[in-house]
Amino acid sequence: MLLMEDFMNANASDLRIDPADTTNEDKQMVFIESFLQNNRLENLHQVMGYHPRYLEAFVKTQNYLLRDDGPLPFPYRHYIALMAAARHQCVYLVRLHAQEFLLQGGDAQWLRGLEYAPQKLRNLCEVNNILAHRPWLLNKNHIEKLTRGNDTWSLSEMMQALIIIAHFHSLCSFIMGCGLAPEIDQGGCTTRNASSSGDDESEDYSSDSSVGGEMNANVLEEDSLESLMQRMKELTESTHEEEPTQEELLKRFELVENQSSEISVPTKEKTSKKEEVLRFVTNSDFTYNDFAKRAPGLDIPTFRIQDYSWEDHAFSLANRLYSDIGNLLDDRFNIAFNLTYYTMGDIRSVDTSAFRQAIWYYIHCMYGIRHDDYDYAQVNQLLERNLKTYIKTVCCFPERITKKDYEGVMKGFKHSEKVHVNMMITEARMQAELLYALRAVNHYMT
């Protein structure tokens with residue numbers, strides 16, 4: 001109904017994608033609000049409908065960013081959104097927000113490419129590129145360049161722009177990780193035959209071909225629900241052991257960080273770079289590079305969450321420069337991090353907290369962010385290598401994800417649970433980007 005290639009070519013009876021006429025009252029109300037706001041019930045929202053609490057928080061945040069009062073003109077907001085989406089070649093979002101840009105009175109000439117947009121928007125390109133792929137490179141000098149000289153940004157304008165950029169970078173991960181097709185009125189489809197081919201985004205997700213990487217290797221026996229449950233049980237039983245020292249915790253973090261840099265992600269035989277996307281991209285060869293492999297000459301230490309955290313620092317700065325946005329983002333992060341139904345596959349009464357924490361902190365680790373009080377040995381205990389590769393691909397290279405990648409991980413998980421994992425990837429990535437962005441703003445202001 002909604003996903004490319006009939007969402008992994010599954011039978012409809014196995015799919016259980018939430019229909020628009022759901023009898024769940026809370027979910028139905030969010031669907032109605034989405035329809036009234038967008039004159040459609042987007043494929044994106046229907047898939048998020050697996051998790052109504054998250055969907056409600058997501059819709060509130062996106063509507064606030066794009067439709068409510070704020071310092072940026074409405075056409076600017078949608079243009080920034082498509083600039084961010086273009087970094088990951090997300091045709092779904094580029095088409096959607098090109099259309100919204102025009103509906104908000106935007107100049108159609110700007111859609112011919114960045115060179116036709118105002119200099120003020122073009123000045124965002126460097127920050128957009130850095131946040132998308134190597135946010136640890138962002139510093140107060142980038143913020144100063146935007147706020148001084150000609151075509152300057154006010155701090156409130158810049159705060160809204162930075163959050164829109166991070167929001168849509170991370171949304172690319174969710175959309176491409178779940179294999180969402182463009183809306184039917186934008187050259188997309190409700191379903192595609194598994195044997196069909198065409199010059200659109202669905203070809204990327206449905207293709208089984210990838211070169212290099214580790215995602216298409218035979219799935220190891222350890223990549224099973226039963227194996228994960230056993231590892232979680234062993235972890236629970238080991239909690240009575242002596243707590244590791246700070247030195248040992250640091251070594252375990254560095255081990256996970258270095259192991260992550262050794263994980264190769266799939267490369268595609270055929271890329272989906274299209275003119276409709278490339279016209280909004282600068283420096284297209286600039287992509288994610290492992291934090292552990294950053295240039296030795298750069299003085300970029302590990303980001304310690306105890307020195308600058310979302311709860312104690314970034315949250316208040318966001319609210320200060322863009323009223324209420326911190327509260328909305330905080331709701332999203334907390335729901336994504338804490339949401340549980342106490343199930344895994346068909347197994348009930350399961351404490352999934354350790355598994356959820358391992359995913360969240362592993363993503364932060366890939367971006368050079370360390371939580372001093374977390375034992376990163378749990379990452380290796382709970383996330384097998386195939387799942388790490390999937391997380392790294394969805395998070396850092398979502399344009400390379402394939403149907404086989406999705407099918408090859410989390411054996412025994414329901415589709416709704418895989419969507420939940422993609423949801424956590426989305427939010428952990430967004431929080432990582434915002435931590436670097438808001439720390440740079442804070443350094444500039446002080």
Side-chain angles (χ1 to χ4, degrees), residues 33 37 54 56-85 87 93 97 100-101 104 106 118 120-132 135 138-148 151-172 305 308-337 426-446:
E33 180 182 353
Q37 287 279 358
Y54 175 76
E56 182 178 10
F58 175 87
V59 169
K60 283 182 179 179
T61 307
Q62 181 157 290
N63 285 344
Y64 188 77
L65 284 172
L66 299 179
R67 301 180 185 278
D68 287 358
D69 291 340
L72 289 178
F74 293 110
Y76 270 49
R77 304 180 194 191
H78 292 283
Y79 201 86
I80 294 169
L82 66 87
M83 286 172 62
R87 287 308 310 177
L93 288 173
H97 289 280
E100 289 292 327
F101 170 78
Q104 293 295 334
K120 183 172 181 174
L121 284 169
R122 297 204 302 274
N123 289 344
L124 278 178
C125 286
E126 184 179 16
V127 169
N128 181 32
N129 298 351
I130 291 172
L131 281 179
L138 195 71
N139 57 52
K140 66 178 183 180
N141 296 326
H142 297 103
I143 306 302
E144 183 174 2
K145 284 170 63 177
L146 291 174
T147 57
R148 295 185 179 179
D151 304 300
T152 59
W153 293 75
S154 70
L155 285 174
S156 59
E157 287 177 329
M158 185 175 55
M159 179 60 70
Q160 186 176 14
L162 290 172
I163 295 172
I164 289 173
I165 287 171
H167 172 84
F168 282 97
H169 287 163
S170 61
L171 190 54
C172 290
I305 210 72
Y308 194 88
S309 69
W310 168 256
E311 294 82 2
D312 297 332
H313 306 92
F315 169 82
S316 57
L317 180 60
N319 271 342
R320 175 182 166 189
L321 296 179
Y322 184 19
S323 178
D324 291 333
I325 191 62
N327 299 319
L328 293 169
L329 292 172
D330 198 53
D331 285 344
R332 272 177 58 177
F333 295 151
N334 285 328
I335 290 171
F337 187 84
T426 298
E427 296 301 324
R429 175 187 176 176
M430 182 176 184
Q431 189 179 79
E433 286 193 33
L434 287 179
L435 284 171
Y436 280 108
L438 271 61
R439 186 181 67 169
V441 172
N442 185 68
H443 286 172
Y444 167 73
M445 294 174 63
T446 56

Is any side-chain heavy atom of [Y] closer than 4.5 Å to one of [X]?
X: I130; Y: H142; answer: yes
X: I325; Y: L65; answer: yes
X: I305; Y: L435; answer: yes
X: N442; Y: K140; answer: no
X: I143; Y: W153; answer: no
X: N139; Y: Y444; answer: no

Step by step, would you call L317 with Y308 a side-chain contact (heavy atoms from CB on, under 4.5 Å)? CA-CA 11 Å; L317 180 60; Y308 194 88; 3.8 Å; yes
Sequence neighbours left out, what pairs pass side-chain hydrogen bond (donor to acceptor under 3.5 Å, both in side chains) with at least one residue falling in residues 161-171?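 Found Q62-H167, N128-H169, H167-R332, H169-E433.
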Do you know which two heavy atoms are closest between [X] and [Y], and how far apart they sit?
X: L438; Y: A318; answer: CD2-CB, 3.9 Å
X: L434; Y: A166; answer: CD2-CB, 3.8 Å
X: F74; Y: R67; answer: CE2-O, 3.3 Å
X: A161; Y: I80; answer: CB-CD1, 4.0 Å
X: C125; Y: M83; answer: SG-CE, 3.9 Å
X: A84; Y: I165; answer: CB-O, 3.8 Å

Distance (rounded to the nearest 0.5 Å) between [X] [atom1] and [Y] [atom2]:
X: D69; Y: L72; atom1: CG; atom2: CG; value: 12.5 Å
X: I164; Y: Y79; atom1: CD1; atom2: OH; value: 14.5 Å
X: C172; Y: R429; atom1: SG; atom2: CZ; value: 7.0 Å
X: L124; Y: L146; atom1: CG; atom2: CG; value: 6.0 Å
X: L93; Y: E100; atom1: CG; atom2: CD; value: 11.5 Å
X: N319; Y: M159; atom1: CG; atom2: CE; value: 9.5 Å

Does the side chain of [X] pick up a donor-acceptor pair with the side chain of [Y] at under 3.5 Å?
X: Q160; Y: Y322; value: yes
X: D330; Y: W310; value: yes
X: Y76; Y: E157; value: no

Within a reach of under 6.0 Å around NZ of K120, are more than 12 heavy atoms found that belong to other residues, nucleotides or ligands? yes
Give a yes or no on this: more than 12 heavy atoms of other residues, nucleotides or ligands lie within 6.0 Å of atom CZ of R320. no
Judged by atom type as modelled, is there a donor-acceptor pair below 3.5 Å linking the side chain of T152 to the main-chain atoms of R148?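 Not at all, since once roles are kept as given, no pair shorter than 3.5 Å links the two residues.
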Any donor-acceptor pair under 3.5 Å linking the side chain of D331 with the backbone of A57?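 No, the answer is negative, given that no donor and acceptor are paired below the 3.5 Å cut-off.
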Before giving the answer on side-chain contact (heavy atoms from CB on, under 4.5 Å), spell out for E126 and L131 the whole-Å C-alpha distance, their side-chain angles and the decisive distance to 0.1 Å. CA-CA 9 Å; E126 184 179 16; L131 281 179; over 6 Å; no
Taking salt bridge (Lys or Arg N to Asp or Glu O under 4.0 Å) as the definition, give me every residue that meets it alongside R77, ordered by chain and number, with sequence neighbours left out. none
Taking the six-membered ring for Trp, are H97 and F168 parallel (under 30°), tilted (30 to 60°) or perpendicular (over 60°)? perpendicular
Could you walk me through whether L329 and M430 pass the side-chain contact (heavy atoms from CB on, under 4.5 Å) test, one step at a time? CA-CA 10 Å; L329 292 172; M430 182 176 184; 3.5 Å; yes
Between F315 and N327, is a side-chain contact (heavy atoms from CB on, under 4.5 Å) present by the stated rule, with each step listed? CA-CA 8 Å; F315 169 82; N327 299 319; 3.1 Å; yes
